[in-house]
Structures are given as C-alpha cells and as structure tokens.
Asker: 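What follows is a structure written as structure tokens; I'll ask about it next.
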Amino acid sequence: MSADAREMAALGILVGDDYWVVESGDAAYGLGVEPGGLLLQTYWGPRLPRLDDYPAAQRGTAFSMENPLQHTHQEIATGEAGVSDERTLDGYRDGGPRGFVLRFVSADVQGEKLSITLRDAVLEADIVVEYEALPQRGLVTRRMRIANAGAQPLHLNRVLSGTFYLPQTGEYVLNHLDGRWGDEFRMQREPLGHGVFQRESRRMTTSHGGVPYFAMERAEAGWGAREESGDVWFGTLEWSGNWKLLAERTRDGRSMVHLGINDHDFVYDLLPGEAFTTPRLIFGYTGGGFGAMSRSFHDFVRQDLSPRPNYRPPVVYNSWYATLFDVSAEGQVKLAEKAAAMGVEMFVIDDGWFDKRVNDRAGLGDWWPDKNKFPLGLKPLTDAVHGRGMQFGIWIEPEMVNPDSDLYRAHPDWIIYYPGRERTLSRNQSMLNLGRVDVQDYLIDMFDRLLSSTEIDFIKWDMNRNVSEPGWPEHDRDQREIWVRYVDGLYRVWKTLRERHPNVIWENCSGGGGRVDMGMMGITEQSWASDNTVPPARLEIQEGYSQLFPANTMAAWVTDEDLHEFSLDLRFHVSMAGALGVGGNLLTWTDEMLARAAEHVAIYKTIREVVSAGDLYRLRSPRHTDLNALMYVAKDKSEAVLFAFRILKARIGKLPLVFPAGLDPEALYADEEGVTRSGAAWGQLGIQLKLKDLQSTIIRLRRV
Ligand code: GLA
C-alpha cells in the first residue's frame, strides 16, 4: 500500500491495495484480501500512526493435521476447509453443498462507509458486508447482506452479525450483563477458559436474562481494564429478539467473539433473488476503560440512534403501583391533581383502563376504554390532565391477547401456537404472531385509531411474557423464520405508528427491563429498566444499564416499595440519576411527603440537562454499599452533578473520599458552599462526605 494513501483516504476509511482500515475515534479495525481472495480481519485495537503499520492480510501456517485456514482470521468465518471454530455464517442448498466458501469480489468506499462484496460461486450467494465509521463516537457499525443468486432456495441456518478476533495476547476476561425479572443488568466478569462460553436468549425478546453485549479485557495480572483506563474491546447488537454471544478460546490460544441473531431453532430461507440483512453490530475499542466505552455508547444512542435526538425526559407520574387494576376516572383525576401540584409533566395511566380489564385474566387485545370505568370515554380524563398543565400518557401491551377477549374469539389463529398442542398461557395471555402481516396491519390500524381519536402524548408499550410453542402453521415457508419475522413485524408496527404520530413519546417496557437493547433504543425515547424499585437493588440495576444506555433513556420511578425502610430523599436521588418518574400512591402520601417530593422535582428540572446530555463518570460502584457515587459532567464542562449514596451500615470511621472526574483540570469549580478549586484539585483531593446510614446527597459543581 502506498504511504500517502492515508492522506488520500476518505475520512474514516483508509484505503491501501486490497486493504482497508476503518478508523474511528482512537480505534482502528483492519481488513485485507490475501492473494487467494480471502477477506481477513487484520487488526482491531488502537489507531496506529501510519497506514503501513497495520499488518498485511496473511494466511496462518499449517500445524500438524490442521489446514492453514484453521489459523487464519477470516472476516466471515464459514468453516471452510475443515476449520473447526465457530462460524459467522452457515447455509445450504437441498442436495447441494453445506457451508459457504467466500471469495473477494469488490470493495467500495463512500465517505465513512465501506462495503465489501464476496461471492460463493458454487452456492451462488452474494454477500455484502457494510462498515460505517462513526468517528465522533469512536464506534464502527457492521452488517451483512446475503443474497440468493441461484435458481433454488438457499437455506440459512446461522447468520451472526460478526466475528471478532482479539489480539493474541493470551487470556481474556469477558464482561457481560445477565439477570432475570426484578434483577436485570447484573454485571458479570467471566475469565474465559478453553472452549466456547455462550450467552443467549431463546425467548423472542432480548430477555431479562441479558443484553447482547460484550466487553473484553485482558486477563493477565496488571493488564486488565478499569473504570477509567485500560484496553476494552466491546460490541453490541441492534436487535430485540433471540440473540447469541459466543466467546471462544481455541487450543492454540486464539480468542474470538461472535455475536448475532440466535441460530437456536433457526432457519431463514431465501428464494431466488431474495436477500437477508443482519442487524447491525456496533463495536469499538478504547484504551480508556469501561467509562470511555459507556460514554461512546451513550453519545451514539442519544445522537445517532434515538428517534428523538437530544431527548430530555419529562417528569412522569405512573399510576400502576397506586391503583393496579382498580382504575376509575375519578381516582385518576385525584392522582392527577396531586401529581400536577408536585410538578409532574406527564401523567400516565397504566394497565386497567381498557375493555373488561378488571384483572389480568381479560381484556388484552380489546384496546378501547372500559365502559364501566370510563362511561364517557377517556376524554374527561385527558381534559382533566391537560387542564392541569400536564401531558397525558397511556399503557398498552399490543403484542398480547387474553383468550377472554373479542380479538381472540374472532382470530384464535393469530397467536403463536402449535396445532394440537396446549397453548401455554403466561399471565393468562398468549402472544400474537407479529410475523403475520395481517396481524401487523390490524395493530397499526387499531392503535392509529386510538391515537387519532384521543389526545395521547405518551405511550408505555409493555410486553409481559416469554414465548412458548413457537409455531406458525399458516406460514408458507419454514416456520422457524418466526424468530426473525416476529421482530421485524414488531419494528414495522412500532415505526409505522411513530411515523403517523411523530409527537408521541414511547416508553419501552417488558415486565421491567426484559427487552432493553439497541434495537429498542432506535424506536423509543425511554425504557423502564426494572420492576424492582428498591434503592439498593435499583442502584446496581442502573449501574448495569448505564454500561450501554444513557441516563435520559432510563425511566426511574419513586415508588412505595419498602417505603418504611428507605427515605423519600434517598428514593428521589436514585431516580434523579436517570429519567425521574413517580409511581407511588400519592393519595396516601402525607402533605409533608408531597411537599418534599415537589422540592425534588424542582431540583431535578434544574439538573435534568446535565443528567440527560452530560458525560457519565461512575466514581464508585453501588457494589460498594458503604459509599457509592456517580457524576454527570456537561459536555462543555461548565457544570457537574454528583450523586452519592450510602446504603449499608458502614464500619465506624470516615467514609472513603469521592473523587470527581471529567472536569476541566484548569478551570475553577465551586460547590454550593462556595468551596472553589480547580478541576484537577477536585479530582485529586476528593470530597469527604458525611453521610449517615441510608443517606444520599447531590453535589453540584459549577465553573466560576
Ligand atoms: C408489567 C410492568 C409494570 C406494569 C404491569 C401492568 O409488570 O412492568 O410496570 O405496567 O405490567 O400490568
């Protein structure tokens, strides 16, 4: 490659001879074609000074009975020539060969986008891999399109979004998130042994059980990553259904990560001329530790992915915990009065407002106001809410149907089921088959009419069960396509409603954080992280959530759960670190509590800008229950908000210092007591807090 190719290269993509480097922020990702036409991944790590510094595309060397390809880093791993590693892509033709053999055809660079075309001449398949550098974010996106160029169906039985080869330093630690209901976003560190470590969802949603995400750090003593330093190789998937993460360590010491749609119970058929495009992988490398990784993701979500860039969440009141299914127009108006007095901006009526919804055994599917509860429809309530200066929101669960509903009685075949088998219910409900276009159209039409006829500003879209009997007997192709077509259908319904009602704000919920992922970040403004609102647990859940997702998307309500144990102040501080909401039964709150809550809401409105748009620094993890802290620093470094919490009874003695981070080292900052120091001094000298058990505080620093 020529030495001056770098200057000539389009921004973001460097081009050599059969060689490309996608540079983004401090990171670089290298690709090259070796003489035999294989597309190889040549580099993933910090940017290097010269194009010539990046390694050339080279096959590995043969070892004993193994083919050289076993030690060759093909960008799309296919198992060619007997390679026994996990594959990125797999498929077959009836009676024909199984597995792909891909050779380079062409490459095209347009601005910050690179696309590389490969072909399998025997299988008659064309593959296009597209990369986009997001230099402002330090991230790269990658997706792959597989087209059937033959005359017979092509069956795909694995289509991951990508495979990564980590530098061969030896050992790695995988950081990931797992969890379950009420316990989402649990941070895990897993040293990788030999073999394949697998994380996945088989539940049709990304699930409470995890997020399709990895962050790899080196395992050798002294070389691991920390919060604000060290090498991290990371990635996530823009997908809201079944997913699979494979972290593989081979016998010869290579480490790989594969991520994409789960191939469990999976086939996707391409008829002649058809193509399949994988969800995007969003990945990067940083030398700045997990904090830098998270800030890259946060900027990406807020600016690039969100359907409403620069979103500032309204203060929400949600009536679920107050009333459960016992909803009435008068009761809601009473709550709305209290909420308005508190400074709430968005009043949301949760479950229980629609036809025959007196408990969870009936009503899902019939999305019109219950006549007994709302004899005059929703208008009196929406008027009452709007009249008090608040916006109005509503809860729906479009993907579900109760057998006791008009919809189910009319269309029993619209659910996901196996003929002849029991239709397993969960929370007394079945899942509509959103793979079906008629079901999608029905939902679009139903909710379009609801949104057109009622003044609704906000929708909480819930999803409260896992799939069972994943059949689709009416489908004229392989039924296993349901795993993909359901999610595509979900996206279509949601995006169409968004397009038709662009002012509506959408909150994503799935029994708490059961479907929080980059796919959802692309179609919703905010997500309910968990049904668990008890402060110690919530702080850990929010820490896990914050690995990928920014605070302006993180709905966090103050509820009455364990109210006797945790003060209102503590609860508000936990929620104010995200998108503040209130979900307690305000009719039982004392005047003193309501007044205190109003003060917190007012303070939140003054810090909302920094929390929503600033850079997050996790100063001390909530797993340190004696004292934990996080802070948000405005992008222009003019101000910062620090949250600190003391949860468990600490031992006698001073609390550890908290060290503010992210400030401009030269600038002077003052706290609210007038203590003025340079940013560097705040960071070095720290803050000595005097919190008692179960106390918390917010500290604001302003540039002077
Ligand atoms: C789920 C949600 C709750 C609430 C209920 C309503 O559990 O997570 O917030 O909306 O459904 O049925």
Side-chain angles (χ1 to χ4, degrees), residues 179-185 203-209 240 313 316-328 331-332 335 339 346-367 369-370 373 392-402 404-405 425-432 456 458-466 505-517 520 524-534 537-538 541-542 545 553-562 571 575 578-586:
R180 51 190 192 150
W181 177 85
D183 187 17
E184 297 88 337
F185 308 105
R203 295 189 155 177
M204 193 65 92
T205 58
T206 28
S207 90
H208 295 91
S240 309
V316 165
Y317 177 76
N318 179 298
S319 63
W320 171 245
Y321 287 99
T323 63
L324 299 178
F325 296 102
D326 192 12
V327 167
S328 70
Q332 294 292 310
L335 285 167
M346 181 72 73
F347 182 86
V348 181
I349 175 170
D350 207 276
D351 199 351
W353 61 270
F354 47 95
D355 198 35
K356 303 203 182 62
R357 188 68 169 174
V358 289
N359 51 42
D360 63 14
R361 289 190 292 281
L364 293 173
D366 299 344
W367 298 105
D370 184 76
K373 297 177 183 176
F392 178 76
I394 206 163
W395 178 96
I396 59 174
E397 198 180 0
E399 297 154 81
M400 297 297 157
V401 64
N402 288 117
D404 185 3
S405 66
L425 296 176
S426 175
R427 208 194 189 203
N428 308 304
Q429 62 201 51
S430 288
M431 276 171 77
L432 289 171
I456 293 173
F458 178 104
I459 292 212
K460 173 180 170 187
W461 178 315
D462 210 338
M463 197 293 185
N464 280 319
R465 66 159 292 178
N466 300 315
I505 293 171
W506 299 80
E507 182 171 79
N508 161 39
C509 178
S510 178
R515 189 165 60 189
V516 180
D517 51 66
M520 281 294 140
T524 61
E525 281 82 355
Q526 58 182 59
S527 290
W528 178 230
S530 178
D531 284 344
N532 189 341
T533 56
V534 179
R538 189 72 181 200
I541 289 167
Q542 294 187 175
Y545 184 103
T553 68
M554 187 174 70
W557 314 335
V558 174
T559 72
D560 297 341
E561 238 182 316
D562 293 346
R571 311 167 82 87
S575 297
L580 173 65
V582 178
N585 187 355
L586 303 184

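Just so you know, ligand 1 is whichever comes first in the structure, and atom 1 is the first atom listed for that ligand. Computed from a predicted structure; not experimentally measured.
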Asker: Starting from atom 8 (O) of ligand 1, locate the nearest protein heavy atom and write down its residue, its atom name and how far away it is, to 0.1 Å.
Answerer: Asp531 OD1, 2.6 Å
Asker: Go through the steps to decide whether Ser530 and Tyr545 satisfy the test side chain to side chain donor-acceptor pair (under 3.5 Å), and finish with yes or no.
Answerer: CA-CA 10 Å; Ser530 178; Tyr545 184 103; over 6 Å; no
Asker: Is any side-chain N of the basic residue among Asp350 and Lys460 closer than 4.0 Å to the acidic one's carboxylate O?
Answerer: yes
Asker: In the protein, which heavy atom is nearest to atom 3 (C) of ligand 1, and how far is it?
Answerer: Lys460 NZ, 3.7 Å
Asker: Could you tell me which atoms of ligand 1, counted from 1 in the order shown, lie closer than 4.0 angstrom to a heavy atom of Cys509?
Answerer: 2 (C), 8 (O)
Asker: Arg571 and Thr559: which non-hydrogen atoms are nearest, and at how many Å?
Answerer: NH2-O, 2.7 Å
Asker: Check Ser510 against ligand 1 and report side chain, backbone, both or neither, counting heavy atoms closer than 4.0 Å.
Answerer: neither
Asker: Can you tell whether the side chains of Arg357 and Asp351 come within less than 4.0 Å, N to carboxylate O?
Answerer: yes
Asker: Of the choices Asp351, Thr559, Ile396, Asn359, which has the non-hydrogen atom that lies closest to atom 6 (C) of ligand 1?
Answerer: Asp351
Asker: Which of the numbered atoms in ligand 1 are below 4.0 angstrom from a heavy atom of Arg427?
Answerer: 6 (C), 11 (O), 12 (O)
Asker: Can you check whether Ile459 reaches Trp506 side chain to side chain, under 4.5 Å on heavy atoms?
Answerer: yes
Asker: Distance only, no hydrogens: is a donor on one side chain within 3.5 Å (strictly under) of an acceptor on the other, for Asn508 and Thr524?
Answerer: no
Asker: Numbering the atoms of ligand 1 from 1, which are under 4.0 Å from a heavy atom of Asn464?
Answerer: 1 (C), 7 (O), 11 (O)
Asker: At a 4.0 Å threshold, what atoms of ligand 1 neighbour a non-hydrogen atom of Trp395?
Answerer: 6 (C), 10 (O), 12 (O)
Asker: In the protein, what heavy atom is nearest to atom 4 (C) of ligand 1, and what distance, to one decimal place, separates them?
Answerer: Asp350 OD1, 3.4 Å
Asker: Which bit of Asp462 is near ligand 1, meaning a heavy atom under 4.0 Å away: side chain, backbone, both or neither?
Answerer: side chain
Asker: Taking the six-membered ring for Trp, are Trp367 and Phe354 parallel (under 30°), tilted (30 to 60°) or perpendicular (over 60°)?
Answerer: tilted
Asker: Between Glu399 and Arg515, is there a salt bridge with N-O shorter than 4.0 Å?
Answerer: yes
Asker: Please confirm whether Glu507 comes under 4.0 Å of ligand 1, counting heavy atoms of the residue only.
Answerer: no
Asker: Does Gly512 reach ligand 1 with a nitrogen or oxygen that is under 3.5 Å from one of the ligand's nitrogen or oxygen atoms?
Answerer: yes
